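As the structure is a prediction and not an experimental result, all values here were calculated from the model. The figures here come from the full heavy-atom set of this structure, side chains too, leaving out hydrogens, waters and symmetry mates.
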Amino acid sequence: METLELKNLWEEVKSGLIDELPENAHPWITPLEVTGYDKGVLTVVTGQMMGRDLLKRNYYNSIVNVIKNVTHNPDSDFVIIYDENAAKSLRKENEKLQKKVNAAIQKEQAMENLSYMQSASNLNLKYKFENFVVGKSNEFAYKVTKSVAENPAGKYNPLFIYGNSGLGKTHLMQAIGHYTIFKNPRLKVKYTKTEDYVNDFISNSRNSKDTIENMSKFNKKYTNIDIILIDDIQFIESKKKTMSQMQHTFDSLYNKGKQIVITSDRLPKDIPTLTSALCSRFEMGLMVELTPPDKDVRIGILKKLSADNGLEYTDEALNYIAEHYYNNVRELEGAFNRVSAFSDMTGSPLTIELARKILKCDETKKEIDLSKIANVVADYYNVSVDDLKGSARSQKISAARHMAVYLSRELCGNSFVSIAEFFNKKHTTIMFAHDKIQKEISCNSNLASDSREIKQALKVI
Ligand code: ADP
Ligand code: MG
C-alpha cells in the first residue's frame, strides 16, 4: 500500500477510534503511528509501553471492529508494537509528509483563488508586467505602476495614468491588478471601464421599488474592494448625479485607505465634463504620462511578438516596421499581425521584402499632418477646408469637422490646443468634437466605415 493511501486509511481508523473509545483512551491513540496494512492486519507503533498494554488489554475488540468497519474486511486484525525510536522517526516522517500535503493544498487553493480573482476582477491575462516592454519612453510610468502594485495605497494614491490612445495605459493598469492578486490573493481588485461604471450606476439608480437595495449593492461592488482600476475616465458622463456618485466611490475608497488608479487620454483639467471637485481629487496623487514608444521599445515589442508567435524574422524587417509605426503601440501590433498572418499562410519568414509588400509603408508614410488630414476629410465629405475652419454649422460641415478633429488627434497625437488653433476654434469645442466621435465610433458602423475610408485615402492603413 502506498504511503499516502496507508496514511489515509489510518486517519479514517483513528477518527473511528476517537468516536468509539472513551475519552480516557484518546491520549493513547493520538501518538500511534501506522507502519503497515497487510491482508486485513493493521500494524501500528507506539513510544508508550503503557499505551500499548492498555489498548491491547481493554480495547482490542473495539479496535478490531473499527478496522473492520473501515476496511470491510472480516479478517481484520490489529498489531501494536512498542518501539520508542521507531515511533519518533515515524512521527517526524509523517509530519514532513503532512507539511507537503498542506503546501500542495494551499497552492491549489491559491491557484483557484487566483483564477477566480482574475476573472472576477475583469482582467485580461495578456496585460501583465512581464509582457510589458520597458524603455526610456515608458520607464517612469512602469516604475510607478510597479511600485503601486508592490505597495498599494502607499505613496501614489490616486495614481492617474494619461496619454494618447494605444500607448499601454490599460495594459499597465491591469498589470497592477494581476500583480496584486498574485502576490496576495486575498486582496480584492476591481477593473472597470468608466462607461461600464456609468451604465451600471444608471441602471441601479433608476427609480423602482428596489432602488435602495440596488444602490446598496452597487456601492458594495465598487467600494468593498482594495484596489479599483477605472479605465478611460474621459468617458464620464457630465450628469450631476453620475459625478457625485463617482465622487462618493472615490471618497469612500480613499478614506478607507484603498488604492485608486485611473487612466485617461488627457489630464483631468482637460476633461470638459469633469466637475472641479473630481478634477482636484484626481490631481491629488501622482499623474504620470505615457508617451509614444521610442525605437528600442518598438523593436522590443516586435521581438516579443515574434517570439510569442514562433515567427522567424530578420532584424531589417523589424526595423522597417518599427521605423514606420512610431506613434501608437496598438497600430504597431496591428502591422505586426498583418505581416505575421501572411508569413504564417505562406510559410515564409518575416523579411523586409515581405513587410514592404504587405504594409506598403514606403509610399504611405510620408509625414502626415493636420492640413493633409483636413484636405482629405474635406474631399471625402465634399466640403472645403475653409468650411472646416469656419463657423458654418450645417449637418454636413459639422460631421466633416468632427471627423477631421478626431483623426487629427488620433493620427498625429497633437495637443487639443494646437488642433484648436489650426481649426480656428476654442480648445473645449475641439475636445467635445473629438470625444463625440471617439464615443460613437464603436457603435456606429457608418462612422467607423467613414473613418476607415479616410484613413485608406490618407494611406495610413
Ligand atoms: P491604451 O489603453 O493606452 O489605449 P493599451 O494598454 O490598450 O493602450 O495598449 C494597446 C496595445 O499595445 C495592447 O495590446 C498592449 O498590450 C500593447 N502595448 C502597449 N505598450 C506596450 C509595451 N510597452 N509592451 C508591450 N505591449 C504594449
Ligand atoms: Mg485603454
Side-chain angles (χ1 to χ4, degrees), residues 103 106-163 165-194 196-197 221-233 249-250 253-254 256-265 282 284-291 293 296-297 300-301 303-305 307-308 329-330 333:
Q106 262 179 10
K107 196 168 165 198
E108 201 173 310
Q109 268 172 358
M111 292 314 281
E112 259 173 35
N113 265 356
L114 190 66
S115 62
Y116 168 73
M117 285 305 294
Q118 271 164 343
S119 63
S121 48
N122 263 342
L123 299 175
N124 178 334
L125 279 173
K126 185 190 154 204
Y127 296 160
K128 294 184 173 177
F129 283 124
E130 52 268 39
N131 296 331
F132 193 81
V133 177
V134 188
K136 271 194 214 111
S137 53
N138 56 23
E139 197 173 17
F140 182 60
Y142 175 84
K143 279 193 178 149
V144 167
T145 39
K146 192 81 187 281
S147 142
V148 165
E150 276 162 358
N151 183 18
K155 267 194 285 184
Y156 309 124
N157 199 20
L159 173 66
F160 193 92
I161 308 171
Y162 69 100
S165 170
L167 296 183
K169 300 183 296 294
T170 301
H171 188 138
L172 272 185
M173 161 181 258
Q174 292 207 5
I176 297 178
H178 285 296
Y179 188 92
T180 321
I181 292 172
F182 189 73
K183 249 185 67 175
N184 188 352
R186 270 191 299 267
L187 286 185
K188 281 196 213 143
V189 176
K190 176 139 197 80
Y191 166 84
T192 180
K193 290 184 190 161
T194 301
D196 293 344
Y197 174 93
K221 183 164 154 192
Y222 292 97
T223 59
N224 207 358
I225 48 183
D226 300 289
I227 300 188
I228 194 160
L229 309 168
I230 306 176
D231 208 359
D232 285 326
I233 196 73
T249 301
F250 184 102
L253 286 167
Y254 189 83
K256 281 192 278 180
K258 306 299 184 186
Q259 177 71 49
I260 300 160
V261 184
I262 302 156
T263 70
S264 163
D265 69 348
F282 294 165
M284 209 159 73
L286 182 74
M287 295 193 277
V288 56
E289 184 177 11
L290 268 174
T291 52
D296 288 345
V297 168
I301 291 172
K303 283 193 172 159
K304 185 165 187 340
L305 289 169
D308 292 349
V329 181
R330 196 174 288 121
E333 283 187 342

* Asked: Does any non-hydrogen side-chain atom of F129 lie less than 4.5 Å from one of T145?
  -> yes
* **Spacing of K190 atom NZ and N122 atom CG [to the nearest 0.5 Å]** => 5.0 Å
* Asked: Under 4.5 Å between any side-chain heavy atoms of V133 and N138, yes or no?
  -> no
* From I228 CD1 over to I225 CD1, what is the distance, rounded to the nearest 0.5 angstrom? -> 4.0 Å
* Have a look at Y191 and tell me which of T170, N124, D231 forms a side chain to side chain donor-acceptor pair (under 3.5 Å) with it. => D231
* Indicate the atoms forming the closest heavy-atom contact of V189 with G177, along with that distance. => CG1-CA, 3.8 Å
* Just by distance, do the side chain of S137 and the backbone of T291 share a donor-acceptor pair under 3.5 Å? -> no
* Asked: What pair of heavy atoms forms the shortest contact from P293 to V329, and how long is it?
  -> CG-CG2, 3.8 Å
* Asked: If you measure from OG1 on T263 to NZ on K193, what distance do you get to the nearest 0.5 Å?
  -> 11.0 Å
* Structure fact -> Scanning both residues in full, the closest heavy-atom pair of G257 with A153 reads O-CB, 3.2 Å
* Asked: Is the closest side-chain heavy-atom distance between M284 and Y254 below 4.5 Å?
  -> yes
* Asked: Heavy atoms, side chains only, cut-off 4.5 Å: are L172 and I176 in contact?
  -> no
* **Over 12 non-hydrogen atoms of neighbours within 6.0 angstrom of NZ in K256** => yes
* Structure fact -> Rounded to the nearest 0.5 angstrom, the CG-CZ distance for L286 and F140 is 5.5 Å
* Asked: Are the side chains of F282 and S264 in touch, meaning some heavy atoms are under 4.5 Å apart?
  -> no
* Considering only heavy atoms from C-beta outward, does the side chain of I262 approach that of L159 to under 4.5 Å? -> no
* To do: Could you check if a side-chain atom of K304 sits within less than 4.5 angstrom of a side-chain atom of N131, using non-hydrogen atoms only?
  => yes
* **NE2-NZ distance between H171 and K126, expressed to the nearest 0.5 angstrom** => 7.0 Å
* For L290 and A141, which heavy atoms make the closest approach, and how far apart are they? -> CD2-CB, 3.8 Å
* Structure fact -> OG1 of T180 to CG of L229, rounded to nearest 0.5 Å, is 7.5 Å
* Asked: Do the ring planes of F160 and Y162 sit parallel (below 30°), tilted (30 to 60°) or perpendicular (above 60°)?
  -> tilted
* Structure fact -> Note: I230 and M173 closest approach over all heavy atoms is O-CE, 3.1 Å
* For the residue pair Y179 and E150, establish whether any side-chain heavy-atom pair is separated by less than 4.5 Å. => yes
* **Heavy-atom closest pair, residues V297 and V134** => CG2-C, 4.0 Å
* Under the 3.5 angstrom rule, does the side chain of N157 hit a backbone N or O of P152 as a donor-acceptor pair? -> no
